[in-house]
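Working notes, structure below.
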Amino acid sequence: MNESLEKLKKNNPSISYIEETEHINIENLWDDKTFMCRFEKSVDFKLFEKIFFPKELAAIYHEEENKLEIIFSPLDKNLEIIKRKFEFYFNNEAFKCKFEEPSEIFNIIANGFREVDNSSDTDYRFLRRFRDFYKQDQLPKFIQKHFENNIPINFFISGDFTKIKNDFVSLAKHLNFYMNYFDRDSPTIIIFESDSEEIDYDVPCLTKENAFPELINFANFDPILLDLFQISRRTTNLRLQFIFYFQVLEYCAYYHLNDELKKKLTNIIKRPDILNNTNNYSKLLIEEFKDYFRQNDDSIKLEKLLLDFCKWEDIKLEIQIHREYFAKELVFEGGLKINSIINENETFETEPKGIIKNIKTNIEKIRNVLVHLRESRENKVILPTPKNNNLLIPYLHLIKRIAEKIAIQHE
């Protein structure tokens, strides 16, 4: 048992280490399972005794030195930002900030970095780029060329962190705001916030019950809708995805005329004498549109759109796969409540009563809060927290399927 690594583990309970014949492997640094660090036993592990890895950041906290080292990147040594130094007052405490070359302990960790997974949501805490920099002489010439004239640079924040109760995340958020306020090209401190109670939801997928079709019939999509779907898939922000899919519905609802009105208008404009009798036919058109414009409310139009184009069978899979979720009232951090849309004992043998209207009410309510931060009739919100983002996922799957079904039929 390595005494120094035991002290490291006491400060960072998620860490585990394995002693081999010639090496020691340290796993789960930052509570991140996507990589490990492999060291020769000759390494001075006393350097590890008083460091802490805040899992919300790609950073090392040097407790004895009252210093937070934010992992950055190898940079061109001529960049002006490398010379930047400033003092930042946070909660009446002064913190000195500067860019400079990494600490000794960081260099050891970066040299020991090894990928475990093929991908990482945290980009391996940016350690891979440093590992490649330090070992570039073992890599292809084009990588060596990439690092030409580069030096390793991290961002250091020094001060009495005990005065702010080691609240690294709040400090980083405030720093991000002010650094960007003064310099739009200023680097951002990446924050990996997670919800300890995060739920892994199943993804409703048509091919789970049926094979992927061998023939797909082409539908000529409105290019605006295609762009909305494209950007929805590209963004990783759940709240933005929801808003983009809702915009698909808004766009379709704006141009939607129900079948009965379409039929009446078509009958009028197809009359052979319409060009010779425009006054009378214009009055007929106005008469037919009168009731439509009288109910020209966005919410009413959205409801008509969903009732006309979205059927129970279209969304049954999304509801069934998350039946417990949709059968209970949802309460978001911030106070907003969303009613259930099915009963706890739902059998799904028949369409639940009022299901389409209830879905419309809920997705509209969620959208209003995401856009305006509060619901118009209540002082209730969906705070931008990891827990709320996780709680939104089944409704995101649902609105996505609804938007797809309606877009396919939209003309």
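Keep in mind that the numbers below use all heavy atoms, side chains included, and drop hydrogens, waters and symmetry copies.
Residue Glu329 places its CD atom among more than 12 non-hydrogen atoms of other residues, nucleotides or ligands, all under 6.0 Å distant.
Residues Lys98 and Glu100 are paired through a salt bridge, judged by an N-O separation under 4.0 Å between the basic side chain and the carboxylate. Taking 4.0 Å as the cut-off between side-chain N and carboxylate O, Glu148 and Lys145 count as a salt-bridged pair. Glu80 and Arg84 are not joined by a salt bridge, as no carboxylate oxygen comes within less than 4.0 angstrom of a charged side-chain nitrogen. Remark: Arg367 does not engage Glu364 in a salt bridge, criterion side-chain N to carboxylate O under 4.0 Å. In summary, Glu351 and Lys316 do not engage in a salt bridge, as defined by a charged side-chain N under 4.0 Å from a carboxylate O. Residues Lys50 and Glu63 are not paired through a salt bridge, judged by the lack of any N-O separation under 4.0 Å between the basic side chain and the carboxylate. Ion pairing between a basic and an acidic side chain is recognised when a charged N comes within 4.0 Å of a carboxylate O; Lys33 and Glu27 show no such pairing. Ion pairing of Arg125 with Asp32 is present here, as a side-chain N (NZ or NE/NH1/NH2) and a carboxylate O approach within less than 4.0 Å.
Distance alone, capped at 3.5 Å, is enough to place a donor-acceptor pair between the Glu69 side chain and the Ser103 backbone. Under the 3.5 Å distance criterion, the side-chain polar atoms of Asn66 are left unmatched by any main-chain donor or acceptor of Ser158. Under a 3.5 Å cut-off, the side chain of Lys135 and the backbone N or O of Asn111 do form a donor-acceptor pair. Although no hydrogens or angles enter the test, the distance criterion places no donor-acceptor pair under 3.5 Å between the side chain of Asn12 and the main chain of Ser14. With hydrogens and angles disregarded, a donor-acceptor distance shorter than 3.5 Å links the side chain of Ser120 to the backbone of Thr122.
Ring-plane geometry between Phe126 and Phe192 is classed as tilted, the angle between the planes lying from 30 to 60 degrees on a 0 to 90 degree scale. Using cut-offs of 30° and 60° on the angle between ring planes, the pair His322 and Phe326 is tilted. Aromatic ring pairs are classed by plane angle as parallel below 30°, tilted from 30° to 60° and perpendicular above 60°; the pair Phe88 and Tyr178 is tilted. In this pair, Phe161 and Phe95 present their aromatic rings tilted. The plane angle is within the 30 to 60° band.
Between Phe99 and Pro187 the shortest side-chain heavy-atom distance falls below 4.5 Å. Within the 4.5 Å cutoff, side-chain heavy atoms of Leu370 are placed close to those of Leu392.
Side-chain contact of Tyr254 with Asp298: a donor-acceptor pair under 3.5 Å is absent, judged by distance alone.
The aromatic ring centres of Phe72 and Phe155 sit 6.0 Å or more apart. You'll find the ring centres of Phe168 and Tyr61 inside the 6.0 Å limit. Taking the six-membered ring for Trp and the full ring otherwise, the centers of Phe113 and Phe35 sit less than 6.0 Å from each other. Remark: aromatic rings of Phe244 and Phe229 are distant, center separation not under 6.0 Å.
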> Can Asn389 and Glu193 be said to form a side chain to side chain contact (heavy atoms under 4.5 Å, CB included), step by step?
Replying inline: CA-CA 11 Å; Asn389 290 343; Glu193 291 188 279; over 6 Å; no
> Given Phe53 and Ile109, is the side chain to side chain contact (heavy atoms under 4.5 Å, CB included) satisfied, shown in steps?
Replying inline: CA-CA 12 Å; Phe53 300 98; Ile109 290 170; 3.8 Å; yes
>> Quick one, Tyr201 with Leu391, criterion side chain to side chain contact (heavy atoms under 4.5 Å, CB included). Give me CA distance, side-chain angles, the key distance, then yes/no.
In response: CA-CA 10 Å; Tyr201 296 104; Leu391 193 57; 4.1 Å; yes
Side chains of residues 39-46: which donor-acceptor pairs under 3.5 Å do they make with residues two or more places apart or in other chains?
{"residue": "Lys41", "atom": "NZ", "partner": "Glu20", "partner atom": "O", "Å": "2.8"}
{"residue": "Asp44", "atom": "OD1", "partner": "Lys46", "partner atom": "N", "Å": "3.2"}

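If you take CD1 on Ile243 and CG on Leu228, they are separated by 12.0 Å, rounding to the nearest 0.5 Å. Residue Asp31 holds its CG atom at 9.5 Å from CD of Glu56, rounded to the nearest 0.5 Å. Annotation: the span from Ile153 atom CD1 to Ile81 atom CD1 amounts to 10.0 Å, rounded to 0.5 Å.
The salt bridge (Lys or Arg N to Asp or Glu O under 4.0 Å) check on Glu349 picks up nothing, with sequence neighbours excluded.
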